[in-house]
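Predicted, not measured: the structure shown is a model, and the values here were computed from it.
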Amino acid sequence: TKRMSSGLSLSFNYVWSHFLDEQDSSGWGGQAGPQPYQIASDPGANYSNSSYDVRHALKGYAVYELPFGRDKILLHSSNRMLNGIAGGWQVSGSVVLSTGNPFTVYSDQNTYALAGNSFPNWSGVSTKPTHKSTDEWYNPAAFVRPPNGTYGNVRRNSLYGPGLHELNFTLGKTFSLPWEGIKFQIRAGATNALNHPSFGIPQT
């Protein structure tokens, strides 16, 4: 964090975390999405990555007052007209870079349960596809259907979806009005200025 000095203020933070739990939302829906239970009589079997487990996150902002106009490094002795054109400009931006949330791959074998979701078994093949894309986020060959009446050995929330990448940008200009201490500011902002798409979790 840098408090405002020489026209510049900024703050950035990075967080690494690992969030594990048995349940983080209401069953079969809620704020975090579906909450599957494979074995209703054994909640501990669900202990794994939380739906809120975002491993890496970088967030921050910066504000910079351009050094033009009165009381600035450049054009500090400008007349009122020049100061009105060149002075009072400010640029700012914020950034959010984070990895994605985990998700669960489901199977369709019959466990003879009245309700619930069943998980698949690992096949021994890597979950990473040859060419990872939004059309093929994970390798489905990594999972196989367990025999009917059995439970799969893949853990809940074992894979991670796409992350979030967003840059916001703002340009503003401040005008000093004739009355003492009163200013007027015009701002133009762009949310997701680079038009970078952020996708949800893939089909499971």
Report the C-alpha separation of V63 and M4 in whole Å, then their side-chain angles, then the decisive distance to 0.1 Å, and conclude whether the side-chain contact (heavy atoms from CB on, under 4.5 Å) test is met.
CA-CA 8 Å; V63 178; M4 180 64 76; 4.3 Å; yes
Where do D21 and F19 land on the side-chain contact (heavy atoms from CB on, under 4.5 Å) test, with the steps shown first?
CA-CA 7 Å; D21 60 20; F19 189 0; 4.0 Å; yes
Would you sort out whether Q38 and S118 count as a side-chain hydrogen bond (donor to acceptor under 3.5 Å, both in side chains), showing the intermediate values?
CA-CA 5 Å; Q38 182 173 226; S118 55; 5.6 Å; no
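Linking Ile, Leu, Val, Met, Phe, Trp and Tyr residues whenever their side-chain heavy atoms come within less than 4.5 Å places L10 and Y64 in a single cluster. W16 and V96 fall into different hydrophobic clusters, where Ile, Leu, Val, Met, Phe, Trp and Tyr side chains are chained together by heavy-atom contacts under 4.5 Å.
Side-chain contact between Y14 and K59 is absent, with no heavy-atom pair separated by less than 4.5 Å. Counting heavy atoms from C-beta on, the side chains of F199 and P202 never come closer than 4.5 Å. For the pair N157 and S51, the minimum side-chain heavy-atom distance is below 4.5 Å. Taking 4.5 Å as the limit, every side-chain heavy atom of L66 sits out of range of all side-chain heavy atoms of Q90.
Counting only residues at least two apart or on different chains, the salt bridge (Lys or Arg N to Asp or Glu O under 4.0 Å) pairs with a member in residues 101-111 are D108-R145.
With sequence neighbours excluded, no residue forms a side chain to side chain contact (heavy atoms under 4.5 Å, CB included) with P140. Here S198 pairs with nothing under the side-chain hydrogen bond (donor to acceptor under 3.5 Å, both in side chains) rule; sequence neighbours left out. Qualifying side-chain hydrogen bond (donor to acceptor under 3.5 Å, both in side chains) partners for T150, counting only residues two or more places apart in sequence or in other chains: none. Applying the side chain to side chain contact (heavy atoms under 4.5 Å, CB included) test to K128 and every residue at least two apart in sequence or in another chain returns S126. Checked against side-chain hydrogen bond (donor to acceptor under 3.5 Å, both in side chains), T130 has no partners two or more places apart in sequence or in another chain. Qualifying side chain to side chain contact (heavy atoms under 4.5 Å, CB included) partners for E136, counting only residues two or more places apart in sequence or in other chains: P129, S133. Taking the side chain to side chain contact (heavy atoms under 4.5 Å, CB included) definition, one finds that Y47 meets it with L20, E22, R155, sequence neighbours left out. Applying the side-chain hydrogen bond (donor to acceptor under 3.5 Å, both in side chains) rule to H18 yields the partners N49, R55; only residues at least two apart in sequence or on another chain are considered.
Side-chain contacts under 4.5 Å among hydrophobic residues (ILVMFWY), followed directly or transitively, place I39 together with Y151. Cluster partners of F143, using a side-chain heavy-atom cutoff of under 4.5 Å among ILVMFWY residues and allowing indirect links, are F103, V105, W122, W137, Y138, V154, L159, I201.
Using bins of under 30°, 30° to 60° and over 60° for the plane-to-plane angle, the ring pair Y106/F119 lands in the tilted bin.
Side chain of E65 to backbone of W89: no donor-acceptor contact under 3.5 angstrom is found. Listed for the N121 side chain is a donor-acceptor partner under 3.5 Å among the backbone atoms of N153. Side-chain N or O atoms of S48 include one that pairs as donor or acceptor with a backbone N or O of R156 at under 3.5 Å. Between the S50 side chain and the Q23 main chain, no donor and acceptor come within less than 3.5 Å of each other. Proximity of a side-chain donor or acceptor of S123 to a complementary backbone N or O of A141 within less than 3.5 Å is detected.
When every heavy atom of G200 is checked against every heavy atom of P162, the shortest pair comes out as O-CD, 3.4 Å. The shortest heavy-atom contact between V54 and N101 is CG2-ND2, 3.8 Å.
Remark: K2 NZ to S9 OG distance equals 7.0 Å, nearest 0.5 Å. With rounding to the nearest 0.5 angstrom, the CG atom of L97 is 9.5 Å from the CZ atom of F12. Note that the OG1 atom of T174 and the CD1 atom of I186 stand 9.5 Å from one another [nearest 0.5 Å].
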With a 3.5 Å cut-off and sequence neighbours excluded, list the donor-acceptor pairs that the side chains of residues 163-173 form with protein atoms.
residue, atom, partner, partner atom, Å
E166, OE2, N168, ND2, 3.3
N168, OD1, N192, N, 2.8
N168, ND2, S94, OG, 3.1
K173, NZ, G84, O, 2.8
K173, NZ, G87, O, 2.4

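A donor and an acceptor atom, one from each side chain of N139 and T127, are nowhere located under 3.5 Å apart.
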